[in-house]
Engineer: 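Sending over a structure as structure tokens; questions will come in a sec.
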Amino acid sequence: MKLSIEPWGVNIPFLLLAMVFWIIGGIFHYSHPYFMILGAFEIYLGMIIRLFFPARKYIPVQLLILISSAIPMHVMQIFSSFMLVILEIWAFKDVKNYGGRIIKNFLVFSSPFAFIVAWSIFNYWFLICALSLYLLGVNIGVFSATLNNKAIFGFKQFPLVILVIVMAFIKQMLPFLIAFYFAYTFNEFKLNKTGNFTKYTSIIVTFSSLFLGDFTHAFTLGVMAPLFSSCILYSTSKYNYVKAWVIPLLYALSYYLRIISLPLSEIPFGIASLYFLWLFKDNLTLESLKLGISKVFLQK
């Protein structure tokens, strides 16, 4: 029973592997798209497992996912996505057997199935759509806590799921999906610098893509990177969340600088990523890896 509920820092090796892939993608421009999406996929794998299936009971499957996803061949990513589905089903059965309750977050829990399809077709935009399902779903809780947005679960998430499916075939839907997401969950204005900058830069950058083009980088720099940073810091290093307001601004700057120069745009991207790692650093200890919690909380 102890192994069934005791967590470990499963997200840490995935995050470090993601940074390696992003460095490779930043250095070798001919392989930039592939390694950048691989890095994003690694962060996704680490965080969905850490937030929803972190128990040590699942270590064999978790390590299999880590090892297979580390091999930069898209067939291995299909396999790791399939194993994630196995892990999800296994964990859900355990929760039910223990008498627990599963949060009906269809956005999050449909994402592993979406990744199987996206990696099988090997379409970058479909991969972005699969990632959208998770990011929108997992940040519902973050924005609910930081901006007092409504927590939308169950069948109320279906309009968002449908819009993501539409976006898979019509890229121009991206900004309207993001705008609808925040309008659909809006409750009342709450002053939170990091939360608000994350929200408004996502809207501004994605709508800019209607005029400047490059929907892929509008998503990765306007939505993916800021929302990942927001979710990870809030869930693991909440005490540093207030310091993260500059991160979405730097990622937005990176998108606009791409118009001038790709190498130039890598500077704010690199600064934002390093600053994120600095805010996250208390989770990068052996004790944090073992227990799945920041050393700051362990000291308390």
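For this chain, numbers begin at 1 and follow the sequence in order.
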Engineer: May I ask you to check whether Phe182 and Tyr200 place their ring centres under 6.0 Å from each other?
Structural biologist: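 Aromatic pair excluded; centres sit 6.0 Å or further apart.
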Engineer: Just checking Phe126: does its CZ atom have more than 12 heavy atoms from other residues, nucleotides or ligands closer to it than 6.0 angstrom?
Structural biologist: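 Counting neighbours around CZ of Phe126, more than 12 heavy atoms of other residues, nucleotides or ligands fall under 6.0 Å, so yes.
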Engineer: Verify, without hydrogens or angle tests, whether Ser209 (side chain) and Phe215 (backbone) share a donor-acceptor contact under 3.5 angstrom.
Structural biologist: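 Judged by distance alone, no pair lies under 3.5 Å.
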Engineer: Measure the shortest side-chain to side-chain distance between Phe79 and Trp119 over non-hydrogen atoms and say whether it is less than 4.5 angstrom.
Structural biologist: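 Side chain of Phe79 against side chain of Trp119, heavy atoms only: no contact under 4.5 Å found.
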Engineer: List, one per line, each side-chain donor-acceptor pair under 3.5 Å for residues 220-232, sequence neighbours excluded.
Structural biologist:
from: Thr220; atom 1: OG1; to: Thr216; atom 2: O; distance (Å): 3.3
from: Thr220; atom 1: OG1; to: His217; atom 2: O; distance (Å): 3.4
from: Ser229; atom 1: OG; to: Ala225; atom 2: O; distance (Å): 2.9
from: Ser230; atom 1: OG; to: Tyr241; atom 2: OH; distance (Å): 3.2

Engineer: Indicate yes or no for a side-chain donor-acceptor contact from Asn192 to the backbone of Gly195 under 3.5 Å, with no hydrogens or angles considered.
Structural biologist: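 Checking the backbone N and O of Gly195 against the side chain of Asn192, a donor-acceptor pair under 3.5 Å is found.
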Engineer: Quick check on Lys156: does its NZ atom have over 12 non-hydrogen neighbours (other residues, nucleotides or ligands) under 6.0 Å away?
Structural biologist: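 No, not enclosed.
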Engineer: Should we say atom NZ of Lys281 is surrounded by more than 12 heavy atoms from elsewhere, each under 6.0 Å from it?
Structural biologist: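 Above 12, so yes.
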Engineer: Look only at the side chain of Trp125 and the backbone of Ile170, and say whether a donor-acceptor pair between them is shorter than 3.5 Å.
Structural biologist: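 No; judged by distance alone, with no hydrogens or angles, the pair does not exist.
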Engineer: I'd like to know if the side chain of Ser273 and the backbone of Gly270 have a donor-acceptor N/O pair within less than 3.5 Å.
Structural biologist: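 A pair under 3.5 Å: no.
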Engineer: Below 30° counts as parallel, above 60° as perpendicular, anything between as tilted: where do the rings of Tyr34 and Tyr124 land?
Structural biologist: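 The rings of Tyr34 and Tyr124 stand perpendicular, inter-plane angle above 60°.
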Engineer: Return yes when atom CD1 of Ile103 has more than 12 non-hydrogen atoms of other residues, nucleotides or ligands closer than 6.0 Å, and no otherwise.
Structural biologist: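 No, the 6.0 Å shell around CD1 holds no more than 12 heavy atoms from other groups.
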Engineer: Provide the closest heavy-atom pair for Asn105 versus Val138 in the form atom of the first, atom of the second, distance.
Structural biologist: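 Heavy-atom minimum between the residues: ND2-N, 4.4 Å.
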Engineer: Between Asn196 and Lys199, does a side-chain hydrogen bond (donor to acceptor under 3.5 Å, both in side chains) hold up when you go through it step by step?
Structural biologist: CA-CA 5 Å; Asn196 278 304; Lys199 171 182 177 178; 5.2 Å; no
Engineer: Under a single-linkage definition using a 4.5 Å side-chain heavy-atom cutoff for Ile, Leu, Val, Met, Phe, Trp and Tyr, are Ile267 and Ile259 assigned to the same hydrophobic cluster?
Structural biologist: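 Same hydrophobic cluster.
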Engineer: Side chain of Asn149, backbone of Phe186: donor and acceptor closer than 3.5 Å?
Structural biologist: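 Pair absent, no side-chain N/O of Asn149 close to backbone of Phe186.
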Engineer: Please check: side-chain N/O of Arg50 versus main-chain N/O of Val10, any donor-acceptor pairing under 3.5 Å?
Structural biologist: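 No; judged by distance alone, with no hydrogens or angles, the pair does not exist.
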Engineer: Tell me, do Phe269 and Leu250 make a side-chain contact under 4.5 Å, heavy atoms counted?
Structural biologist: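 No; the side chains remain at least 4.5 Å from each other.
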Engineer: Is the distance between the ring centroids of Phe35 and Trp22 less than 6.0 Å?
Structural biologist: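 Aromatic pair excluded; centres sit 6.0 Å or further apart.
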Engineer: So which heavy atom on Gly46 is nearest to which on Asn11, and how close?
Structural biologist: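 For Gly46 versus Asn11, the nearest heavy atoms are O-CB, 3.4 Å.
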Engineer: In terms of side-chain heavy atoms, does Ser69 have a donor or acceptor partner in Glu42 at a distance below 3.5 Å?
Structural biologist: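 Yes, Glu42 and Ser69 have a side-chain donor paired with an acceptor closer than 3.5 Å.
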Engineer: Before accepting this row, confirm whether a basic side-chain N of the pair Glu287/Lys295 lies closer than 4.0 Å to the acidic partner's carboxylate O.
Structural biologist: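 Salt bridge flag = no for Lys295 with Glu287.
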Engineer: Looking at Asn283 and Phe280, would you say the former's side chain and the latter's main chain have a donor-acceptor pair under 3.5 Å?
Structural biologist: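 The answer is yes, because a donor-acceptor pair under 3.5 Å joins these two groups.
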Engineer: Look at atom NZ of Lys104 and say whether more than 12 heavy atoms of other residues, nucleotides or ligands are closer to it than 6.0 Å.
Structural biologist: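 Not buried by this count: 12 neighbours or fewer within 6.0 Å.
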Engineer: For Phe189, is the CZ atom crowded, meaning more than 12 foreign heavy atoms sit under 6.0 Å from it?
Structural biologist: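 Atom CZ in Phe189 is packed in, count exceeds 12.
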Engineer: Quick one: does Thr285's side chain have a donor or acceptor within less than 3.5 Å of a partner on Ser288's backbone?
Structural biologist: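 Yes, Thr285 side chain to Ser288 backbone: donor-acceptor pair under 3.5 Å.
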Engineer: Counting distance only, does the side-chain N/O of Tyr181 pair as donor-acceptor with the main-chain N or O of Leu136 below 3.5 Å?
Structural biologist: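 At least one qualifying donor-acceptor pair exists.
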Engineer: Please tell me whether Tyr58 and Asp94 have a donor and an acceptor in their side chains that are separated by less than 3.5 angstrom.
Structural biologist: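 Present: a donor and an acceptor within the cut-off.
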Engineer: Who are the ring-ring contact (aromatic ring centres under 6.0 Å, His included) partners of Tyr134, not counting sequence neighbours?
Structural biologist: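 Partners of Tyr134 by the ring-ring contact (aromatic ring centres under 6.0 Å, His included) criterion, ordered by chain and then number, come out as Tyr44.
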Engineer: Anything under 30° is parallel, anything over 60° is perpendicular, the rest tilted; go ahead and classify Phe53 against Phe109.
Structural biologist: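 Tilted.
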Engineer: Without hydrogens or angle criteria, can the side chains of Ser294 and Tyr239 be said to hold a donor-acceptor pair below 3.5 Å?
Structural biologist: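 Ser294 vs Tyr239: donor-acceptor pair found between side chains.
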Engineer: Are Thr201 and Tyr251 side-chain neighbours, meaning at least one heavy-atom pair lies under 4.5 Å?
Structural biologist: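 Side-chain contact under 4.5 Å: no.
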Engineer: In terms of the angle between their ring planes, are Phe106 and Phe158 parallel, tilted or perpendicular, with boundaries placed at 30° and 60°?
Structural biologist: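 Correct class here is tilted.
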Engineer: Has Ser254 got a side-chain atom pairing as donor or acceptor with Pro268's backbone, closer than 3.5 angstrom?
Structural biologist: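 Checked: no pair found.
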Engineer: Tell me, do Ser132 and Met167 make a side-chain contact under 4.5 Å, heavy atoms counted?
Structural biologist: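 A side-chain contact under 4.5 Å exists here.
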Engineer: Can a cation-pi geometry be assigned to Lys290 and Trp8, taking NZ or CZ under 6.0 Å from the six-membered ring centre and within 45° of the ring axis?
Structural biologist: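 Verdict for Trp8: no cation-pi partner in Lys290.
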